[in-house]
Amino acid sequence: MDNLQIQNMATTYEARKIEEEIYKFWETNECFKADAKSKKEPYSIVIPPPNVTGVLHMGHALDGTLQDILTRYHRMRGYEALWLPGCDHAGIATQNVVEKQLAKEGKSRHDIGREEFVKITWDWANDHKSKILNQFKKLGASFDLSRARFTLDEGCSRAVKKVFVDLYNKGLIYKGSYIVNWCPRCQSAISDIETQYENEEGKLWEISYPLKDEMGAIVIATTRPETMFGDVAVAVNPNDYKYKDLIGKKCVIPLTGREIPIIADEYVDKSFGTGALKITPAHDPNDFEVGRRHGLKSIKVIDEQGRMIACSEVHPELHGRDRYDARERTLRMLKDHQVLVRITDHLHAVGKCQRCNTTIEPLLSEQWFVKMEPLAKAAIEKVKDGSIKFVPSRWEKNYLMWMENIRDWCISRQLWWGHQIPAYYHKKTGEMVVALENPDPDNYRQDTDVLDTWFSSGLWPFETMGWPDTNSDDYKKFYPTTTLVTGFDIIFFWVARMITMGLEFTKVPPFSTVYIHGLIRDENGQKMSKSKGNTIDPVEIIEKYGCDAMRFTLTSLCTYGGQDIKLSNERFEYGRNFANKIWNASRFVLMNLTKSGKDLKLDPKDFSIADRWILNELNKVIKEVNENIENYRIGEVASILYDFFWNYYCDWYVELSKIEKNEAVMAYVLEQSLKLLHPIMPHITEKIWQLMPVEKSEAALMKTDFPVYNKEFEFEYESEQMQNVFEAIKSLRNLRADFNIPVGSKINIKIDGDEDLFSKIIPYIKRLARVENVEFEKNSKDEKHCAYCSVGDTKIIVPLEGLIDINKEIERQNKKIQKFEAELNSLNARLNNEKFVNSAPKEVVEQTRARTKEIKTEISTISELISKLS
RNA sequence: GGGCGUUUAGCUCAGUUGGUAGAGCGCCUCCCUUACAAGGAGGAUGUCGGGAGUUCGAGCCUCUCAACGCCCACCA
């Protein structure tokens, strides 16, 4: 080949240079653009939109790689494939970032006002949207950027408003005063799943509440004494004999003198603490329920900043103090009044804000909620009946458990960045209207709250396709989407909501398969996080090892069970080495092709036994690769291809080609391999393919057809014969190693056995086992000073006068016999067992018999050889 | 308290309907044989966490115990 480009191929794969060049090539040629008007069957994936605040991390790299593999595979399989990219506006996270920036200038958002703040945040978001998507490009992502969306863009806003208004009109959204998780730092309510519980060492204080009208007291236990000013009752279990007589009576809250009733409620656990519980409906979700059951009012004693209020009359010194400060002061007073009975250590779970880790304050507050139970019904149904499948399936159970115990979703957030709630209040009468637009801006003001970020991401699969315009081309072509790829950490946050909303508003599941992969962890199994400093930056890995190398490594680590993936820098050497192997094998092939175009057409007449063998192996691999991708066993695909390309094509076929080559087959197997590898390693395969002088119907490999099983290339018989040849060659190499025969010194052999086969492959043996002369000889008379190999009943005799120690050779052969005999014994044990012969499947019995026969042959061959030696 | 996962070679992990163990890295020996030392040839290494059961046969199925990890719900 006189092609200059091929001559100039570097001896190591220069990943970054080539990857950037190839990605540009795809972009310039608009290879990723999906055509909504195409006649092809659609395949679509929407990206889990990364936060605008984010930078690319390994989780994205894995998630993105898998989506890209599926997209590229289906594109090559003839689907109209769309991978739709986009970003999430990430309400709290983004607002936090911008507020921090303002704080550096000594300002708060209140100083500049809502309008200005939102404007600044938009600028910031616009800036970062492209940053994160550009980073995704470094992954080789074949997503259609012309369709990139943002959860706060016009289309999404329209969808969000419509969904909100519709749900409201159906009575599935309501506003009300309930206990919510309040983050005193974010100054907003957050949902239950945004609250993360951490175990903390705390104290359990037992406080004596004196009875009214009689002697004695009831001792309650609490972890939060400062809330006692908001107590409205003391509750005991109705079956608790200790307190039987006190039910219905009254007691007095210490430090205040306020009288409260002693009530009975099943909720109270007799065995915990003192068995008596103070009820503070305004600051505890369980107490709130108890309070409601008993018609008790709520007294709010902590405000939205986490400061004490409403105790000013009795204890003005507490007013306005932080809740923890107030706790200390309250305890001191209780001690002084001698009502603090006992203090014990107590490990308990404390709710933290997912975004800022501030301790959550359960607070009575007016918020918007989605009534989930009626919506969950269909979402449960469609997973149960298999319309939506989780892979691996165990996540279905997880999903169903959550959905079946679902609680209402608090969707309002007291933030400025997000979809403002489309509820409007009359400035004078306070009358509320929920509508797509403000009915009369002069007289109505809009609700100041915004929606939970997950409200808009819950609509992602259809809002990005043009919904509510169900006539849009994209909606008609690409919705519902096919596969959703994500980590298990957002099944509740996101997947469940998309299913729920999708079914409610589009009447079909938004996707048919949810492919859940594991999470990326560091080498010690710890979650990667910036604060721990244990992150591995994908961009750095790409720079150092190459994108395809990273993709291959990540892919190979994906197990079918979706186990978490422990990563270290070194693991990427695996992918890099493989990329380099592909590069160099291709370089060799390209350099050795003298033909091109039509001259490289396969002609079965020219197939040698080796050609048939490799074509047969390739064919099997093609079948397995297709099956495994279809079944989301993507890690398996990586290892099948690694094994085939390296251990079959490179180690054997290319080596054999140095002796006797069939250019057409050599090129064909390479081209097919490149296609098979393309979804995982798109750049290197595209580059090499473009250098190949084969006939091309497309300008890009990524546009060609993915290989499919071809019955014409079934050559099982030749395949088995070649396995024998390889066995023989390995045996000879083995022998050389055992007797320390240097590679430089050639050996001669005599073959006694399958002359028909071995005569065909003499050149292979000569070259690969470094043999000088081959003779065929029945019942060879050579005896002493020989070493032996055997493959089946074929004997290979290696006269090695003076080079070998006879005793050592006997020992060597005996070892082999021992191995075979061990196996033979276990096989015989089985065959002598009547129950095995009767109850095992026929094929298994047959196999066992056949194997026994094989082993017996081997043993007798070897024994014969030994007898000649001794 | 409920659920899930993990336990296999020194390390990291595969092992798809049960037929007696594999890869990468690491280790040992030899080799720069004109695609590749990010390479080639050969080699060593496992009572598959413990115990019991089902079966002709168990890494795989059932039960149980242990250790580690995750999720959900929480006792104020």
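Just so it is clear: chains get the letters A, B, ... in the order the sequence lines come, proteins before strands, and each one is counted from 1.
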- Strictly by modelled atom types, are A:Asn833 and A:Arg830 linked by a side-chain donor-acceptor pair under 3.5 Å? no
- Query: In terms of side-chain heavy atoms, does A:Thr227 have a donor or acceptor partner in A:Lys278 at a distance below 3.5 Å?
  - Reply: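 Present: a donor and an acceptor within the cut-off.
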- Counting any heavy atom closer than 4.0 Å, what does A:Arg407 reach on the DNA or RNA strands: base, sugar-phosphate only, or nothing?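 Here A:Arg407 touches the backbone only, sparing every base.
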- Query: Which part of the nucleic acid, if any, lies within reach of A:Ser826 when heavy atoms closer than 4.0 Å are counted: base, sugar-phosphate only, or nothing?
  - Reply: base
- Query: Under the 3.5 Å rule, do the base of B:U20 and the side chain of A:Arg830 count as making a donor-acceptor pair?
  - Reply: yes
- Give a yes or no on whether a donor-acceptor pair under 3.5 Å exists between the nucleobase atoms of B:A35, that is its base, and the side chain of A:Glu655.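 Checked by distance alone, the answer is yes.
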With respect to the side chain of [X], which nucleotide from [options] is positioned closest?
X: A:His346; options: B:A76, B:G15, B:G19; answer: B:A76
X: A:Asn577; options: B:A38, B:C36, B:C56; answer: B:A38
X: A:Gln563; options: B:C36, B:G19, B:U6; answer: B:U6
X: A:Trp646; options: B:G40, B:C13, B:A38; answer: B:G40
X: A:Arg587; options: B:G39, B:C36, B:G42; answer: B:C36
X: A:Asp651; options: B:C74, B:A41, B:G15; answer: B:A41
X: A:Phe836; options: B:G19, B:A41, B:U12; answer: B:G19
X: A:Asn580; options: B:C70, B:A76, B:C36; answer: B:C36

- Query: With rounding to whole Å, what would you report as the distance between B:G24 and B:A14 at their P atoms?
  - Reply: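 The answer is 16 Å between these two P atoms.
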- A:Lys658 to A:Phe588 six-membered ring, cation-pi geometry met (6.0 Å, 45°):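 Yes, A:Lys658 sits over the ring of A:Phe588.
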- Message: Heavy-atom nearest nucleotide on RNA chain B for A:Arg571 versus A:Tyr574: which residue maps closer to 5'?
- Response: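 The residue whose closest nucleotide sits nearer the 5' end is A:Arg571.
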- Query: Which residue, A:Val837 or A:Arg767, contacts RNA chain B at a nucleotide closer to its 5' end, judged by nearest heavy atom?
  - Reply: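 Closer to the 5' end of RNA chain B: A:Arg767.
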- Query: Under 4.0 Å between a Lys/Arg side-chain N and an Asp/Glu carboxylate O for A:Arg224 and A:Glu361?
  - Reply: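 Salt bridge present between A:Arg224 and A:Glu361.
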- So, A:Asp522 side chain and A:Asn534 main chain: donor-acceptor pair closer than 3.5 Å or not? no
- Message: For B:G39 and A:Asn584 - does any side-chain N or O of the residue sit under 4.0 Å from the phosphate oxygens OP1/OP2?
- Response: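 Answer is no, no contact under 4.0 Å.
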- Message: Strictly below 4.0 Å: does A:Lys658 bring a side-chain N or O up to OP1 or OP2 of B:U34?
- Response: no
